[in-house]
Amino acid sequence: MSNVGNYKINSCFTYFLHKQTVYNNNNIRTYVISYPNSSIEQKHKLYMRQLLKPTNQFLSIIHNTLDELGLIENKFIIIHVRYGDKFLLRNQEDVNSNHLSIIEKQILAFDSSQPILLISDNTIVKNIIVKKYPSIKTHFNEITHTGEGVKIETQALQNTMLDFYLFSLAAKILAFSVYSHGT
């Protein structure tokens, strides 16, 4: 897959900024996820793949986790529920019943013969779902926010990376997020 530079994004972004509310001292508040407007060379893509490739020791952890959960690569579905920073960083336990209802409808729509792995940043949501649907598999490893300003514990980071690698081994991922930009 290749990225294609698109210089139109700069003028669209400027237009977007002009439409935002201006606060004290000429500040605006916005959240932006943007792709580069220049091509990324193949050598840089390969470098990043190599950098993110798990070590043999970590591959062993990944495969042991799959074994413990009774899952086979590319033969399971992941339901990813991202409740976000309020829970992960500040332990605020606001679980919305509408969110749970939406997730439940999707669970009921799945073919029950395919195993489901639940990955979430919210242990309360995990507990609610696996209690109601005991066939859904999950683990309760402590994870961490990988953004700025967070003291990262090694084990929590390893657990977070484990979840990321499990995503790459799923046949399908169904993601739910409290953020409009997704997860």
Side-chain angles (χ1 to χ4, degrees), residues 1-13 16 30-89 103 106-107 110-111 114-123 125-126 129 136-183:
M1 184 183 235
S2 66
N3 67 311
V4 178
N6 180 348
Y7 293 96
K8 183 180 177 191
I9 196 169
N10 292 334
S11 62
C12 291
F13 183 64
F16 168 78
T30 187
Y31 183 85
V32 178
I33 297 176
S34 182
Y35 297 101
N37 62 1
S38 58
S39 293
I40 300 172
E41 293 180 38
Q42 188 64 25
K43 69 179 183 178
H44 296 297
K45 293 178 187 179
L46 292 172
Y47 174 73
M48 289 306 299
R49 281 191 198 118
Q50 186 60 35
L51 195 63
L52 296 171
K53 183 179 174 184
T55 64
N56 287 335
Q57 180 182 0
F58 205 75
L59 279 171
S60 177
I61 292 169
I62 295 165
H63 291 291
N64 286 341
T65 301
L66 287 173
D67 288 345
E68 288 169 9
L69 294 168
L71 298 172
I72 300 170
E73 285 184 38
N74 302 312
K75 303 269 189 218
F76 63 96
I77 297 170
I78 287 181
I79 295 177
H80 180 220
V81 180
R82 182 169 180 211
Y83 241 84
D85 299 344
K86 282 201 303 190
F87 181 81
L88 195 56
L89 296 175
I103 295 165
Q106 290 300 314
I107 291 170
F110 280 132
D111 172 7
Q114 195 161 24
I116 297 173
L117 173 62
L118 173 63
I119 294 179
S120 179
D121 57 2
N122 187 315
T123 54
V125 168
K126 280 182 170 182
I129 292 173
I136 293 179
K137 302 166 186 293
T138 194
H139 56 230
F140 288 90
N141 298 339
E142 180 189 352
I143 61 170
T144 188
H145 188 280
T146 57
E148 296 177 27
V150 177
K151 183 176 186 276
I152 296 178
E153 300 293 331
T154 302
Q155 187 61 52
L157 179 59
Q158 179 177 302
N159 294 336
T160 304
M161 293 305 297
L162 172 63
D163 284 352
F164 291 160
Y165 288 120
L166 290 172
F167 287 133
S168 75
L169 300 175
K172 180 195 273 185
I173 301 170
L174 186 61
F176 299 91
S177 177
V178 295
Y179 298 118
S180 59
H181 62 74
T183 182

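- In terms of heavy-atom proximity, Ala171 sits nearest to Asn74 at CB-O, 3.3 Å.
- Taking CG of Asp163 as the reference point, atom CG of Asp121 lies at 10.0 Å (rounded to 0.5 Å).
- A donor-acceptor pair is defined here as one N or O able to donate and one able to accept, closer than 3.5 Å; such a pair exists between the side chain of Lys126 and the backbone of His139.
- Under the 3.5 Å distance criterion, the side-chain polar atoms of Thr138 are matched with a main-chain donor or acceptor of Leu118.
- With sequence neighbours excluded, the residues satisfying side chain to side chain contact (heavy atoms under 4.5 Å, CB included) with His63 are Leu59, Leu66, Glu73.
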Candidate pair Asn141 and Thr65, rule side-chain contact (heavy atoms from CB on, under 4.5 Å), full reasoning
CA-CA 11 Å; Asn141 298 339; Thr65 301; 5.8 Å; no

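- Under the side-chain hydrogen bond (donor to acceptor under 3.5 Å, both in side chains) criterion, Gln158 pairs with no residue at all, not counting sequence neighbours.
- Residues Asn159 and Gln155 have side chains that bring a donor and an acceptor to within less than 3.5 angstrom of each other.
- For Phe76 against Leu166, the heavy-atom pair with the smallest separation is CZ-O, 3.8 Å.
- The shortest heavy-atom contact between Val81 and Ser120 is O-OG, 2.8 Å.
- Interatomic distance, CD1 of Ile61 versus OG1 of Thr55, reported as 7.0 Å (0.5 Å rounding).
- When the ring-ring contact (aromatic ring centres under 6.0 Å, His included) test is applied to Phe58, the partners found at least two apart in sequence or on another chain are Tyr165.
- Scored by the side chain to side chain contact (heavy atoms under 4.5 Å, CB included) test, Leu174 finds Gln106, Phe110, Phe176 as partners (sequence neighbours excluded).
- Once rounded to the nearest 0.5 Å, the distance linking CD1 of Ile129 with CD1 of Ile136 reads 6.5 Å.
- Closest approach of Gln114 to Lys75, counting heavy atoms only: CG-O, 3.7 Å.
- Taking Phe16 as the reference, nothing meets the ring-ring contact (aromatic ring centres under 6.0 Å, His included) condition, with sequence neighbours excluded.
- His80 contributes atom NE2, which lies 10.5 Å from atom CD1 of Ile103 (distance to the nearest 0.5 angstrom).
- Asp67 contributes atom CG, which lies 12.0 Å from atom CD1 of Ile62 (distance to the nearest 0.5 angstrom).
- Atoms NZ and CD1, on Lys172 and Ile116 in that order, are 9.5 Å from each other to the nearest 0.5 Å.
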